[in-house]
There are 2 protein chains.
Amino acid sequence: LISKQFVVDAMIPKKSLPAVPMASESAPVNIALVKYWGKRNEELHLPITDSLSVALSLMTTTSVRQAPCKDEIILNGQRLPESSAFFLRTARFLDLFRPNSSFFFTVETKNDVPTAAGLASSASGFAALIKAINTLFDWRLSPEKLSILARMGSGSASRSIASGFVLWRKGVLEDGEDSYAECIGNPWDELRFGVLLVTSEAKNIGSGEAMRRTVKTSPVYSLWPEVVERDLKAVYQAIGSKDFVLFGEAVERNALFMHATMQTAWPPICYWKPETILAMNSVWSSRSQGLPVYFTMDAGPNVKVFYPVSKEKEVLAFFPSLWQIPLLW
Amino acid sequence: LISKQFVVDAMIPKKSLPAVPMASESAPVNIALVKYWGKRNEELHLPITDSLSVALSLMTTTSVRQAPCKDEIILNGQRLPESSAFFLRTARFLDLFRPNSSFFFTVETKNDVPTAAGLASSASGFAALIKAINTLFDWRLSPEKLSILARMGSGSASRSIASGFVLWRKGVLEDGEDSYAECIGNPWDELRFGVLLVTSEAKNIGSGEAMRRTVKTSPVYSLWPEVVERDLKAVYQAIGSKDFVLFGEAVERNALFMHATMQTAWPPICYWKPETILAMNSVWSSRSQGLPVYFTMDAGPNVKVFYPVSKEKEVLAFFPSLWQIPLLW
């Protein structure tokens, strides 16, 4: 079994002390169009399939500097207790990068988006953090290497290294050296995105555990790799030809398929809330009235929609509570 | 292509006039434990898989007699307009059994259960109707033949001919001669059933169309036959050994799988309402508190639960709105 530390040590230059007193970097939230769902390596967060996302203009900005005697993590202005899950997960990630065992970090991180919205993901967080660490130590790592290192924190963080459409290739190597994300395709300026906010309640099951249980117990999961291939091909083609209907159908069916794999796991997993059903139905009803709106959903209850700018006015009239978020190209 | 009329003509004795002035028969509502989902023959309602149900002590009672000059259908005391869907569907079924083209029926049918509850299915209706026709003409058909003829009205009606646990074998013959239902297993007196009523709104898509679209477009449907085999085996074994947990798990996962096949069809099909999500979650939460309660769902939003009589008190305390319905052995 290859450890994270082994991968990190093989990748970064000889560890040294900070090159600058403090470094600050940003990374965008990303929304998966074709989902990352299932790991081939739990430790290294190596995925079973490729996945494809688009970046949002919602950023996490993180600064790092050396701390005198212990790690210190400040999230949106609040110092976190050392026993909090966020602190522990971040500190474990920092462990990989300490020049020596008595080196500590102060990490200050800010999200553009209220954590409550269910969009402030760990993805942008780990991406911003590794970028800031890279700058602090002046490692000058390539985007590919930053993507691989971000993945050590959270799989989908590998995609928050770039903007625009981002493809995370699953790779085939055991150490994940070829499992990183990169920008593909050109900006699609006419594409619009928004969120139908459902709830900010905490999930009752984390996505890591949900993935594991699904891979292990759902008979539907056996079809997931070919479904991803089918949907990737369609989204690719749609991006190239700016075919919105092709794009929307592939994105929506991919998300519904992912949820079908969970629903057929045992015990069953359902992230949907009552308002999720209302939101899905309102999207379907808008389509039946001729509006080209398609949704995606992640491992949570919120419904996120895509539509073309040409129909923006009608879409906003139909969904008065839609929270529009610009894409980041 | 074999027509319904061909099958009927091969099965019933020479058609003659009524042997009695009027005949009245009853048939129970049935709840599928392992679902009927997908047809191998649309005309004859021949299924792709076996299915298994249990009968409820909710009956449809139907009387038939000859009518002077045109069909007349009275549902729960209300004479139906000839243009109503119910009238048309029933009259088309009656067509199969008229001794001559100028023979008309008066059909009076009553459901124990308010149609609004989403439980008054066409299954008990067609089963009661064919039983009454059989008595009216004194055909003395075997239960197997009645099951086949009920199937001409609605697939699941083939299972409403018997009480208790009922297995509908898919059969392999082209004319469906071997596709009928029969009682299997012994009564399970400790088994309890109830409904968490969600809504009585009309469905926006009929189950026939939903089946067709699912079979045609859902990649998940390809797994359905083996899932049915797996779940049938488990329910069989559970019935034999009165193993409630084995029973409940198989029943619940079978229903969720059926809904997963719809959800992955295109356009997607979702019968769930917001309250469906609440009901499913309350069942899961009752289990996490140690109550052995499992649900099933049909092509509709209501959630139906099974539990053992030994936990009846606790279950009723947990689900104060549960509508208990005795099973029919």
Side-chain angles (χ1 to χ4, degrees), chain A residues 198-199 201 204-205 214 217-231 234 245-246 248-285 287-288 294-297 301 303, chain B residues 198-199 201 204-205 214 217-231 234 245-246 248-285 287-288 294-297 301 303:
Chain A
V198 161
T199 176
E201 264 179 63
N204 41 11
I205 176 171
T214 299
T217 68
S218 168
V220 175
Y221 191 80
S222 64
L223 300 173
W224 178 245
E226 43 189 296
V227 162
V228 165
E229 223 169 295
R230 173 196 75 175
D231 296 340
V245 170
L246 182 63
E249 290 196 2
V251 165
E252 185 171 309
R253 75 189 180 197
N254 187 263
L256 284 168
F257 201 101
M258 178 178 76
H259 283 267
T261 68
M262 301 182 209
Q263 185 179 309
T264 50
W266 193 267
I269 300 161
C270 182
Y271 282 109
W272 298 354
K273 302 278 177 195
E275 298 82 2
T276 308
I277 298 286
L278 295 177
M280 291 196 301
N281 276 309
S282 69
V283 170
W284 291 329
S285 131
R287 281 219 294 277
S288 75
Y294 294 85
F295 66 76
T296 188
M297 276 184 281
V303 173
Chain B
V198 161
T199 176
E201 264 179 63
N204 42 10
I205 176 171
T214 299
T217 69
S218 167
V220 175
Y221 191 80
S222 64
L223 300 173
W224 178 245
E226 43 188 296
V227 162
V228 165
E229 222 169 295
R230 173 195 73 176
D231 295 339
V245 169
L246 182 63
E249 290 196 2
V251 164
E252 185 171 308
R253 76 189 178 197
N254 186 263
L256 284 168
F257 201 102
M258 178 178 76
H259 283 267
T261 68
M262 302 182 208
Q263 183 179 311
T264 49
W266 193 267
I269 301 162
C270 183
Y271 282 108
W272 298 352
K273 302 278 177 197
E275 297 82 2
T276 308
I277 298 286
L278 295 177
M280 291 195 301
N281 276 308
S282 69
V283 171
W284 291 329
S285 129
R287 281 218 294 276
S288 75
Y294 294 85
F295 66 76
T296 188
M297 276 185 280
V303 172

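Order of the sequence lines fixes the chain letters, A, B, ..., with proteins taken first and strands second; residue numbering starts at 1 for each chain.
Only the side chain of Ser222(A) comes within less than 4.5 Å of a heavy atom of chain B; its backbone N, CA, C and O stay farther away. With a 4.5 Å cut-off on non-hydrogen atoms, Met280(A) touches chain B through its side chain but not through its backbone. Heavy atoms of Tyr221(A) lying under 4.5 Å from chain B are absent altogether. Using a 4.5 Å cut-off between heavy atoms, Glu226(A) does not touch chain B at all.
With sequence neighbours left out, the side-chain contact (heavy atoms from CB on, under 4.5 Å) criterion links Pro274(B) to Pro274(A), Ile277(A), Leu278(A). Partners of Arg230(B) under the side-chain hydrogen bond (donor to acceptor under 3.5 Å, both in side chains) rule, at least two apart in sequence or in another chain, do not exist in this structure.
Counting all heavy atoms, side chain and backbone alike, Asn281(A) lies closest to Trp272(B) at ND2-O, 4.2 Å. Across all non-hydrogen atoms, the minimal contact from Ala260(A) to Gln263(B) is N-NE2, 3.3 Å. Shortest non-hydrogen contact noted between Val220(B) and Leu223(A) is CA-CD1, 3.8 Å.
Among Met262(B), Glu275(B), Glu252(B), the residue making the largest number of heavy-atom pairs under 4.5 Å with chain A is Glu252(B).
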